[in-house]
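Take a look at the structure below.
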Amino acid sequence: MLQRMILSSFRWRVPANVVVDPRCRALGAERGISERLLAVLATRGVQSAEELSRFLAPAEEGLHDPRLLPDAEVALQRVALARASSERVQVYGDFDADGLTGLAILVLALRRLGLDVAPYVPERLGDGHGLSRRAIERAVAEGRTLIVTADCGTSSAAEIDLAAERGIDVLVTDHHHAATWPSRAVGVVNPQRTDSVYPDHELTGAGVAWKVAHLLSELEAGEAREAGERNTSGALPTAVRDLSDLALIGTVADVAPILGENRCIARIGLERLRGAARPGLAALMARAGLNPEHVNLDDIGFAIAPRLNAAGRVGEAARAETLLLAEDRAEADILAAEIDAANRERRELTKTAVGEARAALGLVAGPDTVAALPATLPAALLVRGEWPVGIIGLVAGRLAEDLGRPAVVVTYADEDAGILRGSCRSPKGFNLAEALIDCGDLLDRHGGHAAAAGFDISVDRWPEFQTRFLGLAAAADLPAGPPELWVDMVVPATSVDYGLVRELAMLEPTGPGNPVPVLAVTGFRVVRARAAAGGHTQLVLGRGRDVLDAVAFRRPDLATMLKAGDRIDVVARATSRRFGGFESIQMEVLDVAAEGTQVGGTERA
């Protein structure tokens, strides 16, 4: 009898055998870390005893001196002058969660110094990305002589020239790619500058803003010293620590690697968020059904950040900023309800748009599931449709994630003027920021990172852009076939227990660069597979006389593919959950394969 086909959707990749440094092994033994976990850390760049020691050290020890940032001294002096001269200041942010939290950090830090500060939250269509002319005109009208940016400004040379002509200084704080930067800015605090000596280039916009807030705390420290007070402990100032929750959210929202200083920010920020949360975040967590005492990076990435982003995608981003700055819980509850409603609308719009984009590309899966792959895929996925500007980044992200190809999604930003706006997402191996630079002569404006970027383009230049971008993607020679799924370790089903779950928890906080460990688990028997609401599949997996519960999100195909008695291997995350006072292990299944077909001959990196 022919065996039914159980087809995996990904190519499973496990790291080559890792040799752990003996000194690292000795330190791990002292700290209760197994060799298999040390091997996982080694593949994530923690390969020496010194690096392991830093990974395990208290978070504050991993923070760098903010004075090492480019133009740090210039920024400190310019803010000190504004303070001494009682200048009025505008803080200009961005409409995503990183920009909103960065803006909130700088507003609170500058207000703490006694400055008259007005936040300016751009509108996605009216202002666009980067410092806008509308904001400059408002600053002129309000008599503000200093603009401080958050998460933008590096590519706004023309606007900064205009501000200078209108008698306004612009201090840029940013983290975007910076081959060049505005010469007329009073300072450009950006660790991505080519002349930067800052030890960590992976900070987000909110991370840079938090470091600037730390820098500005020296103005208060100087007054304390003059008054005879001393901070002899060298500890992080309380006022700076209090802003770490905002830096954490921006860091997670911008999908920054949770390594190095970002991991330190995450650890400090989680402690702050789990404590006495500020009114706006407390209200938002309540709306999302989160327990503040146990909130983690997944909660931020999947519940808090999307709600903040939703305000700028389908509503008014300024409402999210008002929420972050709210001091009254009753006001915050009203704002959180508005933002929650915007998030529900964003989900429905995105679901529809993803389905339409997949249909335009000839894909057959539903709008909220992992797509079935065609026989061949182009080097990049480029699609144009009539969708809200605020959701095209989400559509591009879903396409890139599911298909392992760079994705560009465009829609009209100004149909009367013939201007399209594009949003790009890419897996590893293709740098979007560099690709847009190579297409720069076709674009009205562009910016972003290696994995996420955006641009404006005239509709008549769109065909030429498609051709050139496809050529760049083809030259990158991304792997053909199904997307890759990286595995941290291979374990038999009988080894998945509470000890393993607690061992893996030592890697927390986890996120990009230091993700929740992914296991290839061998030797399961399907006991039950059934469809669940929302396009998911619930599984009961047997191992000897024992069973484990499992769920496969966005994989409704597994409910019909798998039958009781099938012998399978799975790629999954192992988690512990508590319900009714009891603890249980649940597997979050990412992919399945017939037993021995992927792991036995698994491709090794």
Side-chain angles (χ1 to χ4, degrees), residues 64-82 87 89-94 98-99 101-103 105-107 109-110 117 120 122 127-133 135-136 139 144-216 218 247 250 254 256 261 433-434 436-437 440 445-450 453:
H64 303 299
D65 185 349
R67 285 183 176 271
L68 295 174
L69 285 164
D71 286 344
E73 194 61 37
V74 172
L76 191 62
Q77 292 176 2
R78 185 61 185 86
V79 172
L81 175 62
E87 292 182 66
V89 181
Q90 178 188 98
V91 178
Y92 183 96
D94 197 3
D98 187 28
T101 50
L103 189 156
I105 289 168
L106 292 175
V107 166
L110 291 168
V117 182
Y120 187 104
D127 294 278
H129 289 278
L131 181 62
S132 73
R133 293 173 177 265
I136 294 167
R144 301 190 183 276
T145 51
L146 175 63
I147 295 176
V148 182
T149 72
D151 191 33
C152 63
T154 299
S155 60
S156 300
E159 291 78 11
I160 290 172
D161 287 347
L162 173 63
E165 291 164 6
R166 304 301 298 270
I168 297 173
D169 283 344
V170 178
L171 173 61
V172 172
T173 80
D174 197 3
H175 74 123
H176 291 95
H177 182 76
T180 61
W181 48 93
S183 60
R184 296 185 73 179
V186 68
V188 180
V189 184
N190 185 341
Q192 292 279 5
R193 280 174 45 167
T194 53
D195 62 345
S196 174
V197 298
Y198 195 74
D200 197 326
H201 291 186
E202 298 289 352
L203 292 175
T204 64
V208 173
W210 190 64
K211 299 300 295 187
V212 170
H214 191 181
L215 178 74
L216 297 180
E218 294 186 17
D254 219 46
E261 193 163 28
E434 293 178 1
L436 294 188
I437 289 173
R445 59 194 298 174
H446 63 88
H449 316 289

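- In terms of modelled atom types and a separation under 3.5 Å, the side chain of E434 and the main chain of A450 share no donor-acceptor contact.
- Judged by distance alone, the side chain of K211 and the main-chain N or O of H64 form a donor-acceptor pair under 3.5 Å.
- Counting only heavy atoms from C-beta outward, the side chains of L171 and V79 approach each other to under 4.5 Å.
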inquiry  = One pair to check against side chain to side chain contact (heavy atoms under 4.5 Å, CB included): L110 and V91. What are the steps and the verdict?
reply    = CA-CA 9 Å; L110 291 168; V91 178; 3.7 Å; yes

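- The minimum heavy-atom distance linking P122 with Y120 is given by the pair CD-O, 3.7 Å.
- Heavy atoms only, all atoms of each residue included: L103 and G93 are closest at CD1-N, 3.2 Å.
- Salt bridge present: R193 and D195 bring a charged side-chain N and a carboxylate O closer than 4.0 Å.
- For A213 against I105, the heavy-atom pair with the smallest separation is CB-CG2, 3.9 Å.
- Closest heavy-atom contact between A206 and T101: CB-OG1, 3.4 Å.
- Remark: the D151 side chain and the H175 side chain contain an N/O donor-acceptor pair separated by less than 3.5 Å.
- No side-chain heavy atom of D169 sits less than 4.5 Å from a side-chain heavy atom of T145.
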inquiry  = Using ring pair (Phe, Tyr, Trp, His ring centres under 6.0 Å), reason through H177 and H449 one step at a time and then give a plain yes or no.
reply    = CA-CA 6 Å; H177 182 76; H449 316 289; 9.7 Å; no

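- Within the 3.5 Å criterion, the main-chain N or O of G130 finds a donor-acceptor partner in the side chain of Y92.
- Side-chain atoms of S196 and H201, non-hydrogen and from C-beta on, do get closer than 4.5 Å to each other.
- Counted by atom type alone, S132 and D127 present one or more donor-acceptor pairs between their side chains at under 3.5 Å.
- In this structure the side chain of V172 never reaches within 4.5 angstrom of the side chain of N190, judged on heavy atoms.
- Residues A75 and L215 come closest through the heavy atom pair CB-CD2, 4.4 Å.
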ask   = When you look at E165 and R184, which way does the side chain to side chain contact (heavy atoms under 4.5 Å, CB included) test go after all the steps?
value = CA-CA 10 Å; E165 291 164 6; R184 296 185 73 179; 4.0 Å; yes

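- Contact of the V148 side chain with the V89 side chain is registered, since non-hydrogen atoms from C-beta on lie closer than 4.5 Å.
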ask   = Do L162 and R133 pass the side chain to side chain contact (heavy atoms under 4.5 Å, CB included) test, and can you show the C-alpha distance, the side-chain angles, and the key distance before you say yes or no?
value = CA-CA 8 Å; L162 173 63; R133 293 173 177 265; 3.4 Å; yes

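- Looking only at distances, no side-chain donor or acceptor of D71 sits under 3.5 Å from a matching main-chain atom of V189.
- In this structure, P70 and V188 have side chains that are not in contact, with every pair of non-hydrogen atoms separated by 4.5 Å or more.
- The nearest pair of heavy atoms linking L436 to A453 is CD1-CB, 3.6 Å.
- Under the 3.5 Å distance criterion, the side-chain polar atoms of T149 are matched with a main-chain donor or acceptor of T173.
- The shortest distance between side-chain heavy atoms of R67 and E73 falls below 4.5 Å.
- Contact of the I147 side chain with the L131 side chain is registered, since non-hydrogen atoms from C-beta on lie closer than 4.5 Å.
- A side-chain donor-acceptor contact under 3.5 Å links E261 and Y198.
- For the pair R144 and E87, the salt-bridge criterion is not met [side-chain N within less than 4.0 Å of a carboxylate O].
- Not one N or O on the side chain of D94 forms a donor-acceptor pair closer than 3.5 Å with the backbone of G99.
- At least one donor-acceptor pair under 3.5 Å links the side chain of T204 to the backbone N or O of G207.
- In terms of modelled atom types and a separation under 3.5 Å, the side chain of D254 and the main chain of A256 share no donor-acceptor contact.
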task = Starting from the C-alpha separation in whole Å, work towards a yes-or-no answer on side chain to side chain contact (heavy atoms under 4.5 Å, CB included) for Q192 and L203.
result = CA-CA 9 Å; Q192 292 279 5; L203 292 175; over 6 Å; no

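- From I160, atom CD1 reaches atom OG of S183 across 9.0 Å, with rounding to the nearest 0.5 Å.
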